[in-house]
Amino acid sequence: MNKKIIYYFFIINFFSLYTFAFARSDTMKIDQRILDFLMSTGIFNMGIGSYIMISIGCLLIFLGIVKEYEPLLLIPIGTGCIICNAPVIGDVNPKEMIAYLYTAGIDKPLYPLLIFLGVGALTDFGPLIANPKTALLGAAAQFGIFFTLIGAIVLGFNLKEASSIGIIGGADGPTTIFLTAKLAPDLLGATAVAAYSYMALVPIIQPPIIKLLTTEEERGVVMKQLKPVSKRAKILFPVCVIILCILLVPSAVPLIGMLMFGNLIREAGVVRRLSDVAQNALINIVTIFLGICIGYKMQAEYFLRLETIKILILGVIAFSIGTASGVILAKIMAKLSRDPINPLIGSAGVSAVPMAARVSQKVAQEANPSSHILMHAMGPNVSGVIGSAVAAGVLLSLFG
Amino acid sequence: MNKKIIYYFFIINFFSLYTFAFARSDTMKIDQRILDFLMSTGIFNMGIGSYIMISIGCLLIFLGIVKEYEPLLLIPIGTGCIICNAPVIGDVNPKEMIAYLYTAGIDKPLYPLLIFLGVGALTDFGPLIANPKTALLGAAAQFGIFFTLIGAIVLGFNLKEASSIGIIGGADGPTTIFLTAKLAPDLLGATAVAAYSYMALVPIIQPPIIKLLTTEEERGVVMKQLKPVSKRAKILFPVCVIILCILLVPSAVPLIGMLMFGNLIREAGVVRRLSDVAQNALINIVTIFLGICIGYKMQAEYFLRLETIKILILGVIAFSIGTASGVILAKIMAKLSRDPINPLIGSAGVSAVPMAARVSQKVAQEANPSSHILMHAMGPNVSGVIGSAVAAGVLLSLFG
Amino acid sequence: MNKKIIYYFFIINFFSLYTFAFARSDTMKIDQRILDFLMSTGIFNMGIGSYIMISIGCLLIFLGIVKEYEPLLLIPIGTGCIICNAPVIGDVNPKEMIAYLYTAGIDKPLYPLLIFLGVGALTDFGPLIANPKTALLGAAAQFGIFFTLIGAIVLGFNLKEASSIGIIGGADGPTTIFLTAKLAPDLLGATAVAAYSYMALVPIIQPPIIKLLTTEEERGVVMKQLKPVSKRAKILFPVCVIILCILLVPSAVPLIGMLMFGNLIREAGVVRRLSDVAQNALINIVTIFLGICIGYKMQAEYFLRLETIKILILGVIAFSIGTASGVILAKIMAKLSRDPINPLIGSAGVSAVPMAARVSQKVAQEANPSSHILMHAMGPNVSGVIGSAVAAGVLLSLFG
Amino acid sequence: MLKSGLVSMLIGMSVVFIFIIIMIFLMFILGLIDKRFPPEKTDEIVIQKTISLPGKDANNQKEKIAAITAALIHYRNRIK
Amino acid sequence: MLKSGLVSMLIGMSVVFIFIIIMIFLMFILGLIDKRFPPEKTDEIVIQKTISLPGKDANNQKEKIAAITAALIHYRNRIK
Amino acid sequence: MLKSGLVSMLIGMSVVFIFIIIMIFLMFILGLIDKRFPPEKTDEIVIQKTISLPGKDANNQKEKIAAITAALIHYRNRIK
Ligand code: NA
Ligand code: NA
Ligand code: NA
C-alpha cells in the first residue's frame with residue numbers, strides 16, 4: 001500500500017536527516033559541542049551545597065505534606081529552595097523569575113504586609129475585646145523576643161541580625177519576614193523556616209514547658225463565659241489601634257496598619273467583596289509568591305552556614321521563653337483577679353494563631369474535661385500578634 | 001514542690017535581667033535612650049495637620065460604614081489617609097509600602113484601568129443598545145465637566161488642575177483618578193474623595209435639581225418597554241466602540257479600551273473564567289490597592305490647602321450642572337420624540353452607575369407609582385461612562 | 001410658571017456660554033484649534049498597516065468567539081492587537097498601560113511561568129505514571145520543533161528567531177511565549193498567534209496526517225485499562241521531575257519548575273487554597289494580562305512583515321511533523337510491545353492539551369466505536385508538555 | 001487661560017457629541033442587523049437555567065442556595 | 001553591643017506593655033460604650049441567617065451546603 | 001548557521017529523549033514502590049465525599065448544587 005511507502009519514506013527521511021546532522025556536525029567538532037552541552041548540565045555545575053539544599057527542600061516538602069507542618073508555607077518554601085539551588089550557567093539563570101518576584105515583594109516587604117492584610121480579615125478580635133485584660137499576656141510573651149535577641153548578640157550576631165532572630169519568638173511568620181527583610185535579608189531563609197517550623201511544632205514545644213510551670217489543678221480551672229461584643233466595638237477597635245500605633249510606634253504602622261485594615265474591612269460588613277478577596281485570592285496568591293521567594297534566600301551560600309544552626313537553636317529558645325513568660329504572667333494575674341483565670345491561656349500569648357490557643361485548650365481538657373478555654377485563649381493569641389508587631393516596630397526604629 | 005521553685009526561679013531571673021539591663025544601661029545614658037525613643041513616637045513628630053487628616057480619614061470610614069457612602073472606596077481611602085499621615089522618623093517610613101503601590105499603579109495609571117476592566121465586565125449595555133438615542137443624554141451631562149473646568153480656571157487653577165477638577169463632574173471614580181494621576185497628581189486625594197463622595201450623595205444632590213426643572217406630570221411619564229437585544233449586538237458593540245475610539249479620540253483608548261474589553265469578555269460567553277475574575281478577584285484586589293494609594297495623596301501637605309475646599313465646591317457644581325444638562329436635553333428630546341420620554345432619565349446621564357439611575361426611578365415613582373424607568377435610565381447611565389471617558393481623552397490630548 | 005423660567009434661563013445660559021466661547025476663541029484662531037484637534041484624531045494619524053492589524057484583531061476575536069478557537073487567549077490577544085494599533089500622538093500614548101504590563105511580565109517572562117503554574121495545578125499526570133513508556137511519544141513529537149528550526153534557518157531566520165519559530169511545534173502557548181520573549185521578542189505576536197491558532201486547529205490539522213500514516217485496523221486497536229496510581233506516586237512525581245531537570249537541563253528549570261510546583265500543590269492535598277487560586281484567580285488574571293501584552297507585539301511594524309507569513313507556514317509544518325513523528329514512534333512501539341498500543345496515542349504527544357488527546361480518541365472511535373483511548377492519549381499528551389519545555393531549555397542554553 | 005478653557009469646552013463637548021452620535025449610528029446598525037437576521041432561539045429554557053445551571057459567581061450561588069433552601073422548607077412542611 | 005541589646009529589651013518590653021495597656025484601656029472604653037448604649041437588636045434571627053443568608057466565601061458555602069445536605073438526608077429518611 | 005541548526009537538533013532531540021527516558025525510569029520506580037508498599041485505603045467513601053465534602057472551587061460547588069437539586073427534585077416527586 002502507498003501508506004506504507006509514506007510511512008517508510010518518513011522514517012528514512014528522519015534517519016537520513018539525523019545522520020546527515022551527525023555527519024555535518026562532525027566536521028565542526030561534534031565532540032566539543034557535546035562536551036559543551038555536558039558542561040551546561042546541572043550535575044557538572046553543582047557543588048555539594050546545592051545537593052544538600054535540595055535535600056533540605058525535599059525535607060520541608062515532606063514535613064509540609066506528611067506531617068502537615070504549616071503546609072501552606074513549607075511546601076512553597078521547599079519548592080523554592082529546590083529551584084533556587086539550580087545552577088546559573090553562562091547567561092541562563094533559572095531563578096531569574098524568583099529573583100524578580102523577590103525584588104518586587106520582599107525587598108520592599110510587600111508580601112508579608114499583604115498576608116497581614118489577609119490575616120486581619122481572617123481574625124476575630126471579639127474574644128480579646130470581650131476580656132481586654134488578657135491582652136497583657138500577649139505582651140508578656142514578647143519577652144522571648146528580647147531574651148533571644150540578647151542571646152543572639154552573645155553568640156556573635158550583630159544588632160540587626162540579632163533583632164531578626166529574636167523576632168522568631170514572636171511566632172508570626174509575616175512579622176518575622178518583614179523585619180528580617182528590612183534588617184538582615186541574608187538570614188531570611190533561616191529565620192522564616194525557623195518561624196514556620198516552630199509554629200508547626202508548637203504542640204510539641206509548649207506542653208512540657210506549660211506543665212513544668214503549672215499544677216494540674218491550675219490547668220483545670222474553668223473560666224467564666226465571655227460576654228458578647230457589639231459590632232460597633234469590633235469596628236471601632238481596629239481604627240483605634242491604628243491611631244494608637246501612629247501616635248506611639250510609627251515604625252510598626254506598616255504591620256499594625258495592614259492587620260487592622262484587614263480587620264476593619266472584615267468587621268465593616270458593607271465591603272464583603274474586599275474582605276473576601278483579602279481572605280482568599282489575595283492572601284493565597286501572595287503566599288505562593290512569598291514561599292518561593294523565601295527559597296531564594298535558601299541558596300547554599302546563604303543557608304549552609306553555622307549561623308543557621310545557631311538561629312534554629314535560638315528560635316526554639318525564643319518560643320520557649322515566650323511561652324513561659326506568658327504562663328507566668330497568667331499565673332500572677334490569676335492570683336490578683338477576682339474571676340478565675342486558667343494560666344494556660346498565657347501560653348497562647350506567643351501568637352502562632354490559632355495553634356497555640358488550641359494547645360492551651362487541649363492541655364486544659366487533659367487536666368479537666370469540663371474546662372473549655374479555647375475562646376479565652378484566643379484573646380492572648382491575637383493580642384500576641386499585635387504585641388510582636390509592636391516589638392518589630394521598636395526594633396526597626398532602634399536598629400533600622 | 002519543685003515546680004514552684006522553677007517558677008520563682010524564672011520570675012527572679014526575669015526581674016534580675018530587667019534590673020541588670022537598667023543598671024548597665026544607666027551607665028550609658030539611659031535617659032538619653034528613653035528620650036531618643038520618645039522623640040521617635042508619633043506624638044512628638046506630628047503636626048496639627050496630621051491630626052486633622054487622621055480625623056478626616058476616620059470621617060471617611062464613618063461615612064463608608066454608617067452612611068454606606070461608596071464603602072468599597074471610602075473605607076480603604078480613609079484607612080490609607082490615616083496610615084499615610086503617620087510621621088516619617090529617620091529612615092523608617094511607615095508609608096513606604098503604600099508609596100510603592102502608588103508608584104506601581106497610580107503613576108502609570110494601572111489601577112483605574114483595571115477597575116474599568118472590571119466595570120466593563122459588570123456592565124450590561126443592553127438597555128443602551130435597545131434605545132440608542134438615549135446615549136445623547138450621557139453626552140449632554142458631560143457639560144458639567146467643561147463648565148466646572150472654566151469655573152476652576154476662574155478660581156485660579158491652571159489648565160491641568162482645572163481639567164482634573166472638571167472631570168469630577170463625570171461622576172466616574174476611575175476616570176477621575178486616571179486623568180488626575182496624569183495631569184495633576186497632587187490633587188488626587190481631593191478629586192478622588194470629591195468624586196466618590198458626590199457619587200454617594202447623588203440621592204441628595206440630584207432630586208432638588210430634577211424637581212426644579214420638571215413638572216410632576218413630566219416626572220410621571222411612563223415609557224414603552226425596551227425591545228430585547230441580541231447576544232450578537234451585545235458582542236459587536238464593545239468592539240465597534242473601541243475602534244470608533246481609536247479613530248476619533250486615541251487618547252481615550254486606555255479608558256474606553258479597557259471598559260470595552262471587560263464588556264467583551266462578559267458578553268463573549270466563551271470566556272466565563274476571565275469575565276468572572278475581572279468582575280471579582282481582580283477588581284476587588286485593585287480596589288484595595290487603589291483606595292489606600294489615594295490615601296497617599298491625602299497627606300496633610302497635599303490635602304490641607306484652600307484648594308481642597310475649592311475643589312469640593314467645584315465638584316458639587318459639576319454634578320449639579322451635569323444633572324441639569326441631562327434633564328434639559330431629555331426634555332427637549334421628549335418634545336421631539338414620538339415615543340414618550342420621561343425627562344428624569346436625563347439626570348442618569350452623569351453616570352454614577354447605578355446610583356443615578358436609581359434616583360431617576362425613585363423620583364419617577366414618587367410622581368407616578370406606575371412609572372418604571374430604571375432600565376430606561378440605565379441607557380444614559382452607561383452612556384455617561386463612555387461620555388466622560390471621551391471627555392477625559394480630549395482633555396488629556398489638549399493639556400496632557 | 002417660574003419653573004419654565006428657570007428652565008429657559010438655563011438653556012439660554014448654555015447657548016450664550018457656547019456662543020461666547022465661539023466668539024472669544026475665534027479671535028485666537030479657532031480654525032487652527034479645530035485643525036489641531038483633527039490632526040490628533042486616529043484617522044489622520046494611522047497608516048494602512050494599523051487598519052490591517054485592527055482587522056486582524058477583529059478576526060482573532062471572531063475566531064475566539066464564533067469558532068471557539070482558544071477563546072481564553074485569542075479574545076484578549078485580538079483586543080490587545082486592536083488597542084495597540086491606536087496611534088501615539090504627541091506625548092499621549094494609548095498603549096502606555098499595556099507597555100507597562102509588558103515590561104512587568106513578558107520582558108522577564110513572569111506571565112507564561114505563572115500560567116504554567118496554573119497548568120500544573122490543572123494537570124493530572126496519573127495517566128502518564130500509570131503507563132510510563134508512553135512518555136516516549138511526548139519526546140518523539142518534539143522532532144517537529146527541530147525540523148522546523150532547520151527549516152526556519154533555510155528561510156533566512158537567524159538562530160534565535162529559528163528557535164522561537166521551531167518551538168511553535170511544541171504546541172504549548174506558555175513555552176512558546178517564554179522562549180520567544182527570551183530569544184526574539186519582536187516575533188512574539190506571530191509565534192504566539194501561530195501557537196494558539198494551530199492548537200485550536202489541531203482537530204483539522206491532525207486527522208489527515210494520522211490517517212495517512214495508519215491503517216483503519218491500527219486506529220481501532222483497543223488498549224488495556226490503565227492501572228490506578230497512588231497518591232504517593234503522584235506527589236513524588238513532580239518533585240522527582242524538578243530535581244531531574246536541575247541535574248540535566250538547568251535552563252529548563254523555570255518552565256519545568258513552575259509546572260511541577262503547580263502539580264505538587266495540586267496533589268499535596270493539604271494546600272487546597274493554593275491549588276485553587278493557582279487554577280483559578282491567578283491563571284485567569286495572568287491570562288488577561290498575557291493576552292493583551294501579546295497584542296503589544298502585534299503592532300503593524302512588528303507583525304506586517306513577510307516573516308509573519310513564513311512563521312505561520314513553518315508553524316503548521318512544525319505541528320504536522322510533530323504529529324507524524326509521534327504516530328510513527330507509536331507504530332514502532334506497537335510492534336515491539338506485548339500489550340496492544342493504538343498508534344493514535346502518538347499524535348497526542350505534540351501536547352496541545354487536551355485537544356490532541358481528544359482528537360486521538362475521536363479518530364479511534366471512528367475506526368472502532370469500542371476503542372476508548374482518551375486516558376491512554378493523556379499520557380503522551382502531558383509528556384509532550386514536559387518534552388517541549390525541555391526542548392525550550394536546550395534551545396535557551398544553546399542560543400540564549 | 002480662560003480662552004483655552006472656553007476652547008476646550010467647545011472642542012470637548014463637540015467631540016463628546018460627535019462620538020456619541022456615531023455610536024448611536026452604530027447601535028442603529030446593530031439594531032437593523034438584528035431585525036434583518038433575527039438570532040436563533042438558543043437561550044436555554046429559563047426554568048432549567050434557574051435550577052440546574054448556577055453561575056460560578058458568589059451572588060448567583062447565594063440565590064441558588066436560597067432557592068433550594070426555600071424549596072426544602074416547602075417540602076419539609078409538606079411532610080409534616 | 002550587649003548593652004544595646006539590654007537597652008532594646010528595656011525599651012522594647014516597656015513599649016509593648018505601654019501599647020497593650022493603652023489598648024486595654026481603649027477596649028474598656030469600648031465596653032463602657034456598649035453598656036451605656038446597648039446596640040439595637042439588629043442581628044438577623046440566627047436560624048434564618050443559617051438557612052437563607054449564606055456568605056459569599058467558600059467556607060461558609062461549604063457549611064451551608066453541608067447543612068442543607070444534612071437536612072435533605074433527614075427528610076429523605078422521613079419519607080422512607 | 002545551518003550547521004548550528006543541525007547540531008541543535010542532534011543535541012536537542014538527544015537531551016529530550018534522555019530526559020524522558022530517565023523520567024520513565026523514575027516512574028517505573030514509583031510503580032515498584034506502589035507494588036511493594038501498596039497505599040492504605042485512606043480515600044473517603046465516594047458517596048460521602050460527593051454529598052458532604054464539596055470543594056471550595058466554583059466548579060465543584062456547581063456540581064454539588066446540581067446533585068443536591070437533582071436529589072431535591074427526586075424527593076419532591078416522591079412526595080407528590
Ligand atoms: Na506574636
Ligand atoms: Na460620566
Ligand atoms: Na509540547
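Each chain gets a letter, A, B and so on, in the order the sequences are listed, and its residues count up from 1.
- In summary, of the residues considered (C/L247, C/V394, C/V249), a side chain to side chain contact (heavy atoms under 4.5 Å, CB included) with F/F19 occurs for C/V249 alone.
- Nearest heavy atoms, F/I20 versus C/A135: CG2-O, 3.4 Å.
- Summarising the geometry of C/L244 relative to F/L26, their closest heavy-atom pair is CD2-CD1, 4.2 Å, with the distance given to 0.1 Å.
- Of the atoms belonging to C/A162, not a single heavy atom falls under 4.5 Å from chain F.
- Contacts of C/I243 with chain F are absent, with no heavy-atom separation under 4.5 Å from either backbone or side chain.
- Contacts of F/I29 with chain C are absent, with no heavy-atom separation under 4.5 Å from either backbone or side chain.
- Minimum interatomic distance between F/S8 and C/F399 (heavy atoms only, all atoms of both residues): CB-CZ, 3.6 Å.
- For the atom pair C/R232 CZ and F/D34 CG, the distance stands at 5.0 Å (nearest 0.5 Å).
- Contacts between C/A140 and chain F at a heavy-atom distance below 4.5 Å involve backbone atoms as well as side-chain atoms.
- C/L136 places a side-chain heavy atom less than 4.5 Å from the side chain of F/I21.
- One finds the CZ atom of F/F28 at 6.5 Å from the NZ atom of C/K133 (value rounded to the nearest 0.5 Å).
- Contact detail for F/M13 and C/A139: the closest heavy-atom pair is CE-O, 3.7 Å.
- When all heavy atoms of F/G5 and C/L149 are compared, the closest pair comes out as CA-CD2, 3.8 Å.
- Within the 4.5 Å cutoff, the side chain of F/M9 has no heavy atoms near those of the C/F147 side chain.
- The CD1 atom of F/I24 sits 12.5 Å away from atom CD1 of C/I129, with the distance rounded to the nearest 0.5 Å.
- If you run side chain to side chain contact (heavy atoms under 4.5 Å, CB included) between F/S4 and each of C/L159, C/I150, C/I153, only C/L159 comes through.
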Q) Would C/L128 and F/M23 satisfy side-chain contact (heavy atoms from CB on, under 4.5 Å), going step by step from the backbone distance to the final call? A) CA-CA 11 Å; C/L128 181 64; F/M23 196 176 84; 3.9 Å; yes
